[in-house]
Asks: 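First, the structure itself, so that you have it in front of you.
In listed order, ligands and their atoms are each counted from 1. These numbers were taken from a predicted model, which means no experiment stands behind them.
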Amino acid sequence: MERPAHGATVVVGSINVDQTVDCDRVPQEGETLFGTSFSQSFGGKGANQAVMAALLGADVRFVGQVGDDDLGAAAIANLQQHGIDTSGVGRSEVATGVASIWVEANGANRILVVPGANGTLDADGAAQRLSTIPSPSVVVAQLEVPIGAVRAAFAQARQSRAITILNPAPASEVPEQVLADTDWLIPNETEFAILTGEEVSQDAARNFAERWECGVIVTLGADGAIVAEPGKDTTRLSAPPVEVVDTTGAGDAFVGAFAVGLSSGLHPVAAAELGVRCGSSAVTKHGTQSSYPTADDL
Ligand code: RIB
């Protein structure tokens, strides 16, 4: 896991357009309610993580797929405006991915994703585009693109001796080969339970880290995070108390910031502390990318 740092931060993942309705509470089955506001913005777990990394000053490259449509062009332009290299983003005949998001007054969210073009990122395309990036230090992936693309990207990352970070979201089982090629696994509590069949605890995180010989960080929202590494003491990080407005994309802020921290040579626990600070800051504002702090803010 100790490898050369300071190269590019590569994100292999999803690009969505988010359509968000804020409401006092979400409707029950058969019920119609009025929302309090509507907004359309750029999202996708991959794109959010890439933007967080770019806001902290990283050299970020993106590998993904959008549709050959107006939303896709706008989503690419958004990444470029954040200084992200999009030469690894392909255009597909399938429409750009969208997410329908409901955010309640207490900041809790519910999300339905229609992956669209994200689902057309294939293994060969992901590996080939990654292979053209000189000296990646960190390769980050999530599960909103096909698992074959993640598997191929991590295999390619191994050849480049890049650190691999998997955020297994949305929650899903992960093939053993992908886990074997993962240096850092960052699930939330739900994703951890699905992966391990166990409730989150420091011991459970440590056991999983030992079994797969990787670092494991379980993000716990307002309760901070657990950082476990094989053969090392497990660390429990707390989060600063904040007023929660919208939790959407806070986990992505954590992952993007942690990736930058590792890439710039921080100790993993210090990188996770940076992640907690960025995630905690993100929940104090509406939206995903628009809620993320910059290096100056921190
Ligand atoms: O994690 C938040 C993200 O999940 C949203 O931006 C949405 O697009 C979905 O991918």
Asks: Using a strict cut-off of less than 4.0 Å between a Lys/Arg side-chain nitrogen and an Asp/Glu carboxylate oxygen, indicate whether Arg110 and Glu104 qualify as a salt bridge.
Replies: yes

Asks: With hydrogens left out, which residues have an atom under 4.0 Å from ligand 1, given that only heavy atoms count?
Replies: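 Shell around ligand 1 (4.0 Å, heavy atoms): Asn16, Asp18, Gly43, Gly44, Lys45, Asn48, Ala99, Ile111, Val113, Glu144, Gly249, Asp252, Thr288.
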
Asks: Return a table of donor-acceptor pairs under 3.5 angstrom between the side chains of residues 50-64 and protein atoms on other chains or two or more places apart.
Replies:
unit_1 : atom_1 : unit_2 : atom_2 : d
Asp59  : OD1    : Arg61  : NE     : 3.0
Asp59  : OD2    : Arg61  : NH2    : 3.1

Asks: Below 30° counts as parallel, above 60° as perpendicular, anything between as tilted: where do the rings of Phe208 and Trp212 land?
Replies: tilted

Asks: Testing the basics here: between Ser201 and Ile226, what is the closest heavy-atom pair and its distance to 0.1 Å?
Replies: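 Answer, listing the atom of Ser201 first, then Ile226: C-CD1, 4.0 Å.
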
Asks: What are the two closest heavy atoms between Ser280 and Pro240, and how far apart are they?
Replies: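 It is OG-CD, 3.4 Å.
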
Asks: Calculate, to the nearest 0.5 Å, the distance between atoms CD and NE2 belonging to Glu273 and His267 respectively.
Replies: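 Rounded to the nearest 0.5 Å, the CD-NE2 separation comes to 10.0 Å.
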
